[in-house]
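Comments concern the structure below.
Computation of the quantities below employed the complete heavy-atom set of this structure, encompassing side-chain atoms and omitting hydrogens, waters and symmetry-equivalent molecules. All values derive from a computational prediction rather than experimental measurement.
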Amino acid sequence: PQTSESFNGFLDSNQLLKQSFTGNRLFTSFFLSDIQYFSQRKFNYRTKVNFYANFDVSGLEVGFVNGVYNLFKEKNEKFTFLNNQFSKFVKLELDQRMTTELSNSSQFVYRINIGVALPLFDTNSVPFIKQFYVGGPQSIRGWNVREPGPGGSNYSTSGLSTNSFFSTGDIKFETNLEYRYDIFLWLKGAFFMDVGNVWILPTATDAPRDAKFSKRFLDQLNVGTGTGLRLDMSYFVIRFDLGFKLRNAFKNENNKNWIYNNAYKVSVKNLSRNSTFHIAVNYPF
């Protein structure tokens, strides 16, 4: 992987992830790499449920054979292929979506998405590009892509470029609620609420304590809301969403997670300061 100057500044303060960028890497296995499952069913005459599952694994056979080889040869050798190391990890992501038709012109959509990624064998961390992230037009829309997390840490204000966000994690929890309604012909609207975050594995030794998954994870959830307009052209949808931050996973200077309080009132200026605008194609879920 090739890294930019701003990303290198982030890696210098995150030794755990820096290990993922040492040497050339392969993200695959020979016989088992990626399994996807999808099902759709009707819950009742108004509601349908879609379920997605994705299982991704890398270096499984190579790591097993490598371990047996080192055991019998009493060595600590890592197998490579054309000078490329095999990344060794397993990743599972589950996504369930429920759509309820309230009327001919409105519907309520709910999604819950969870995931976990684990390093395998002699590997200490999951590669950065294979970790989970939240934020952006398909996720928690009050934030930019990779802006929130991990955990209660606050990498987004770490002094890097304001448009550069690199927060990822090994564990992900996200849930979204959206009310969609027709306005006129192909013009549609929506109100939504997004909740979620990512965390580093609790067994990671080089990660900050606040970034790790713990029993306090519910107190480290980002909460946002917003509204949007959609141009539904049947074959595709052009979506304009304006998301507002309501709650950060980290505490502010007043030791509060919720952004608006007696000291920080809801106003047009403050809402604008804590908002993110997205343009995207098709629905987020």
Got a sec, which hydrophobics cluster with [X], joining ILVMFWY side chains under 4.5 Å apart, including via others?
{"X": "Tyr52", "answer": "Phe38"}
{"X": "Val198", "answer": "Phe132, Val134, Ile140, Trp143"}
{"X": "Val268", "answer": "none"}

Are [X] and [Y] joined in one hydrophobic group, where the rule is that I, L, V, M, F, W and Y side chains link up if heavy atoms are under 4.5 Å apart?
{"X": "Leu221", "Y": "Ile112", "result": "yes"}
{"X": "Leu246", "Y": "Phe217", "result": "yes"}
{"X": "Trp186", "Y": "Ile279", "result": "yes"}
{"X": "Leu218", "Y": "Met193", "result": "yes"}
{"X": "Leu187", "Y": "Phe240", "result": "yes"}

Q: Let me see the working for Gln107 and Thr100 under side-chain hydrogen bond (donor to acceptor under 3.5 Å, both in side chains), right down to the final yes or no.
A: CA-CA 6 Å; Gln107 57 183 196; Thr100 299; over 6 Å; no

Within 6.0 Å of [atom1] in [X], more than 12 heavy atoms from elsewhere:
{"X": "Asn104", "atom1": "CG", "result": "no"}
{"X": "Lys215", "atom1": "NZ", "result": "no"}
{"X": "Tyr181", "atom1": "OH", "result": "yes"}
{"X": "Lys251", "atom1": "NZ", "result": "yes"}

N/O donor-acceptor pair under 3.5 Å between [X] side chain and [Y] backbone:
{"X": "Asp182", "Y": "Phe184", "result": "no"}
{"X": "Ser153", "Y": "Pro150", "result": "yes"}
{"X": "Arg239", "Y": "Asn282", "result": "yes"}
{"X": "Thr123", "Y": "Leu120", "result": "yes"}
{"X": "Asn257", "Y": "Ala249", "result": "yes"}
{"X": "Lys212", "Y": "Ala204", "result": "yes"}
{"X": "Glu147", "Y": "Asn144", "result": "yes"}
{"X": "Lys48", "Y": "Thr99", "result": "no"}
{"X": "Asn254", "Y": "Lys256", "result": "no"}

Q. When the ring planes of Trp199 and Phe213 are compared, do they come out parallel, tilted or perpendicular, using 30° and 60° as the limits?
A. perpendicular

If you define the side chain from C-beta out and look only at heavy atoms, does anything of [X] sit under 4.5 Å from [Y]?
{"X": "Phe128", "Y": "Thr168", "answer": "yes"}
{"X": "Phe285", "Y": "Asn176", "answer": "yes"}
{"X": "Thr175", "Y": "Tyr110", "answer": "yes"}
{"X": "Leu118", "Y": "Leu201", "answer": "yes"}
{"X": "Val266", "Y": "Leu271", "answer": "yes"}
{"X": "Asp210", "Y": "Phe250", "answer": "no"}
{"X": "Thr276", "Y": "Phe244", "answer": "no"}
{"X": "Leu177", "Y": "Phe108", "answer": "yes"}

**Q.** Passing option when Asn50 is tested against Arg41, Arg111, Gln96, Gln40 for side-chain hydrogen bond (donor to acceptor under 3.5 Å, both in side chains)
**A.** Gln40

Q) When you check the side-chain N and O atoms of Ser106 and Ser103, is any donor under 3.5 Å from an acceptor? A)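 The answer is yes; a qualifying pair exists.
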
Q: Let me see the working for Phe51 and Leu94 under side-chain contact (heavy atoms from CB on, under 4.5 Å), right down to the final yes or no.
A: CA-CA 8 Å; Phe51 177 75; Leu94 306 176; 4.0 Å; yes

Hey, are [X] and [Y] close enough for a salt bridge, meaning a charged N less than 4.0 Å from a carboxylate O?
{"X": "Lys130", "Y": "Asp170", "result": "no"}
{"X": "Glu178", "Y": "Arg180", "result": "yes"}
{"X": "Asp95", "Y": "Arg97", "result": "yes"}

To the nearest 0.5 Å, what is the distance between [atom1] on [X] and [atom2] on [Y]?
{"X": "Asp219", "Y": "Asn197", "atom1": "CG", "atom2": "CG", "value": "11.0 Å"}
{"X": "Asp56", "Y": "Gln36", "atom1": "CG", "atom2": "CD", "value": "9.0 Å"}
{"X": "Phe89", "Y": "Gln131", "atom1": "CZ", "atom2": "CD", "value": "10.0 Å"}
{"X": "Ile259", "Y": "Arg273", "atom1": "CD1", "atom2": "CZ", "value": "11.5 Å"}
{"X": "Ile129", "Y": "Ser87", "atom1": "CD1", "atom2": "OG", "value": "8.0 Å"}
{"X": "Ser214", "Y": "Gln220", "atom1": "OG", "atom2": "CD", "value": "5.5 Å"}

[X] to [Y] - nearest heavy-atom pair and separation:
{"X": "His278", "Y": "Arg141", "answer": "NE2-O, 2.9 Å"}
{"X": "Phe192", "Y": "Leu242", "answer": "CZ-O, 3.6 Å"}
{"X": "Gly142", "Y": "Lys245", "answer": "O-NZ, 3.1 Å"}
{"X": "Asn270", "Y": "Lys265", "answer": "ND2-O, 2.7 Å"}
{"X": "Glu174", "Y": "Ser139", "answer": "OE1-OG, 2.9 Å"}
{"X": "Asn222", "Y": "Pro148", "answer": "ND2-CB, 3.5 Å"}

**Q.** Trace of the side-chain contact (heavy atoms from CB on, under 4.5 Å) decision for Trp258 with Asn252
**A.** CA-CA 8 Å; Trp258 292 98; Asn252 57 25; over 6 Å; no

Q: Report yes or no: is the cationic atom of Arg230 (NZ for Lys, CZ for Arg) closer than 6.0 Å to the six-membered ring centre of Tyr283, at no more than 45° off its axis?
A: no

Q) Does the ring of Tyr133 carry Arg146 above it, NZ/CZ under 6.0 angstrom from centre and within 45° of its axis? A) yes

Q: Quick one: do Asn113 and Glu93 satisfy side-chain contact (heavy atoms from CB on, under 4.5 Å)? Show the steps, please.
A: CA-CA 7 Å; Asn113 180 278; Glu93 185 173 9; 3.1 Å; yes

